[in-house]
There are 2 protein chains.
Amino acid sequence: MSEKRRTNMKPEARRNQLLDCAQALFFSKGFEDTTMADILQMAGVSKGGFYHHFKSKDELLFGVLDRMAAIVFGNMEAIAEDTESSAVERLRSFLHLRSDYLKQHDYPGQVEFFRAMNADQNNFLLTKFKETVMRFSKPALTGIIEQGCRENTMSVTNAGIAAEMIITLSSSFDNALLRAIEARGTPAADEAAVDLQDALDLAFLTIDRVLGLPDGTTDFGWPEAVPATMATRPPV
Amino acid sequence: MSEKRRTNMKPEARRNQLLDCAQALFFSKGFEDTTMADILQMAGVSKGGFYHHFKSKDELLFGVLDRMAAIVFGNMEAIAEDTESSAVERLRSFLHLRSDYLKQHDYPGQVEFFRAMNADQNNFLLTKFKETVMRFSKPALTGIIEQGCRENTMSVTNAGIAAEMIITLSSSFDNALLRAIEARGTPAADEAAVDLQDALDLAFLTIDRVLGLPDGTTDFGWPEAVPATMATRPPV
DNA sequence: CTTTACAAACCGACCGCCGGTCTGCATATA
DNA sequence: TATATGCAGACCGGCGGTCGGTTTGTAAAG
């Protein structure tokens, strides 16, 4: 009668499948609103099966983030190992990684993603995501700054601390971005767009000044970012 | 037989009592690890009684934070309404609110508090705390910066955005502070202390430069902060 | 080509707990 | 006594996680 189909898979394959399902669900429904039952149903595996591969739901999240980071920051190694270019050039490349990524992928989707990540229910996910970004990008940026100091184009007393500050700064305009996204299609949209542009400009101006570079050396790398953001469809 | 003691209280009194209990528990055990049962037991009230005054556990947290902020940022109004002093003086006063608070209260306790707040289980609490700080302090700081622009001592294009950035910056050394706290009593303590000092210095240097002030204009306001931190007792 | 043996993958009923609801009672005031 | 409201506590659905047991792949022994 009822077919009790069962598919044994190799550990790595099953692990990846579970990570796939979890990633899709976490980033659509949110971390807290995704239940183990959701994941199990989507993967077609039982509770016992799941907990054979992961020891908790949190670990599953960490697995997702680490896997993502490994992919997203793949380009970073090229910059990190680039010994030809000047420190300033490498810094600019580094800072453009984010905008390059945004431009190359479906931007409206990214905006929705950002919106979802900043909801209360995704607090934990967002924090862990930021931690992951910090972990993966700090070493490379530190190296760049150290090179800049050796070349006398940058001047800081502690490259690691400066790197940390810059990575923090890179998300200092998140608030403005979130407000701009929420303001799409409302009367407050124009003011929010100006604020967002100001926030972007100020963030990179600050990076210049922290490192002792001339104003205007660094930029977001996507001049049309603000209009592009405002042009995405507001949610119904 | 069993005495069914019951104490009807005035709504405001009961509300405050519940906030007191919740505050004590949230900041000792953490938000997620504090159950409703814990709070109810401590307050000596039933579930029905509690939910008559608050509609959820989250709302209780918001109540705690708002009440705290109203007290902690009480001093800020004096600065905000101070029309005598120069913008730079007011900025310095504003930035010293944090160190003044730390100095005046039991510092080892504050360190433990900070440590606890940064644990995973308090993620939500910490985020909401930061949001509250932002909400309460941004208007005052914006006003100060606007004054500074009028007086031509500061130069920014968007005072509100600059204020937001500075408030973000003020917690940019949280990472270094956390590492230093965790390193107390270990061989890595000295290096962590140097990093922390560097992070503090860089944060305020950055504030100077964001606002176009001479280097060294602003500071944390507590030169002995780092040794004082390292001297607190590490946990067993 | 079996048979046997064992580890690994997997199942799903079950558990403890948590935040929140609901019905109804106790108490203060008029 | 009538009414409003502070309050009690049994109850609920759902959650993440556990555990004893079953199925499956595999490889050595017969």
Side-chain angles (χ1 to χ4, degrees), chain A residues 1-23 25-26 28-64 119-125 128, chain B residues 1-23 25-26 28-64 119-125 128:
Chain A
M1 39 207 72
S2 78
E3 32 185 337
K4 297 192 77 180
R5 272 241 146 271
R6 170 171 171 176
T7 39
N8 275 24
M9 294 172 70
K10 289 193 174 177
E12 201 173 346
R14 180 65 87 188
R15 238 188 96 90
N16 272 318
Q17 185 213 5
L18 287 166
L19 287 172
D20 289 341
C21 296
Q23 181 166 335
L25 289 168
F26 289 166
S28 59
K29 302 182 57 168
F31 179 67
E32 292 195 348
D33 287 353
T34 300
T35 70
M36 290 311 302
D38 291 333
I39 299 167
L40 302 182
Q41 192 195 350
M42 184 168 173
V45 75
S46 72
K47 268 210 164 145
F50 171 84
Y51 281 98
H52 181 72
H53 296 284
F54 294 90
K55 56 178 284 212
S56 72
K57 189 186 174 189
D58 282 7
E59 280 237 334
L60 183 61
L61 172 61
F62 301 152
V64 168
D120 273 0
Q121 28 177 327
N122 281 330
N123 205 275
F124 187 65
L125 196 163
K128 289 299 162 190
Chain B
M1 40 206 74
S2 78
E3 36 185 332
K4 295 194 78 180
R5 271 239 147 272
R6 172 170 171 173
T7 40
N8 275 24
M9 294 172 70
K10 290 193 173 176
E12 201 175 345
R14 181 64 88 187
R15 237 187 98 88
N16 272 317
Q17 185 214 6
L18 287 165
L19 287 172
D20 289 341
C21 296
Q23 181 167 337
L25 289 167
F26 288 166
S28 60
K29 304 182 53 168
F31 178 66
E32 291 195 349
D33 287 353
T34 299
T35 70
M36 291 311 303
D38 291 334
I39 299 167
L40 302 181
Q41 192 194 350
M42 184 169 174
V45 74
S46 71
K47 273 216 160 142
F50 171 84
Y51 281 98
H52 181 71
H53 296 283
F54 294 90
K55 56 178 285 213
S56 73
K57 189 187 175 189
D58 282 7
E59 280 236 335
L60 183 62
L61 172 60
F62 300 153
V64 168
D120 272 0
Q121 34 185 316
N122 280 330
N123 204 273
F124 187 64
L125 196 164
K128 289 299 162 189

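Computed from a prediction, not measured in an experiment: that's the story for all the values here.
Summarising the geometry, the separation between CG on Asp33(A) and P on dG14(D) is reported as 14 Å, rounded to the nearest angstrom. Counting to the nearest Å, the P atom of dG17(D) and the CG atom of Leu60(A) are 10 Å from each other. As rounded to whole Å, 11 Å separates atom P of dG17(D) from atom CG of Leu40(A). Rounded to an integer number of Å, the gap from Leu18(A) CG to dA9(C) P is 12 Å. Distance, Leu61(B) CG to dG20(C) P: 12 Å, rounded to whole Å. In this structure, the CG atom of Asp58(B) is 13 Å from the C1' atom of dC18(C), given to the nearest Å. One atom, CD of Gln17(B), and another, P of dG6(D), lie 14 Å apart when rounded to the nearest Å. Nucleotide dC15(D) holds its C1' atom 11 Å from the CE atom of Met36(A), rounded to whole Å.
Side-chain atoms of Met9(B) lie closest to dC7(D) of the nucleotides dC7(D), dT18(D), dA9(C). Among the nucleotides dG16(D), dA8(D), dC11(C), the one closest to the side chain of Val45(B) is dA8(D). Checked against dC7(D), dT18(D), dA9(C), the side chain of Arg14(B) finds its nearest nucleotide in dC7(D). Checking dA8(C), dG19(C), dG16(D) against every side-chain atom of His52(A), the shortest atom distance belongs to dA8(C). Checking dA9(C), dT21(C), dC7(D) against the side-chain heavy atoms of Tyr51(B) singles out dT21(C) as nearest.
OP1 and OP2 of dT5(D) both lie 4.0 Å or more from every side-chain N or O belonging to His53(B).
For Lys57(B) against dG20(C), a side-chain-to-base donor-acceptor contact under 3.5 Å is absent. In the interface, the side chain of Lys47(A) is paired with the base of dG17(D) through a donor and an acceptor atom under 3.5 Å apart.
For Phe26(A), the ring-ring contact (aromatic ring centres under 6.0 Å, His included) partners two or more places apart in sequence, or in a different chain, are Phe31(A).
Summary of the strand contacts: Gly48(A) and Phe31(A) both lie near DNA chain D, and taking for each the nucleotide with the nearest heavy atom, the more 5' one is attributed to Phe31(A). Residue whose closest nucleotide on DNA chain C sits further toward the 5' end, between Thr34(B) and Lys10(B): Thr34(B).
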**Request:** Apply the test side-chain contact (heavy atoms from CB on, under 4.5 Å) to residues Asp58(A) and Leu61(A): give CA-CA distance (whole Å), side-chain angles for both, the deciding distance (0.1 Å), then the verdict.
**Result:** CA-CA 5 Å; Asp58(A) 282 7; Leu61(A) 172 61; 5.6 Å; no
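Between the side chain of Asp38(A) and the backbone N or O of Thr35(A), at least one donor-acceptor pair lies under 3.5 Å. For Lys128(A) (side chain) and Asp120(B) (main-chain N/O), no donor-acceptor pair under 3.5 Å exists by modelled atom type.
Using a 4.5 Å heavy-atom cutoff, the side chains of Arg15(B) and Phe54(B) are in contact.
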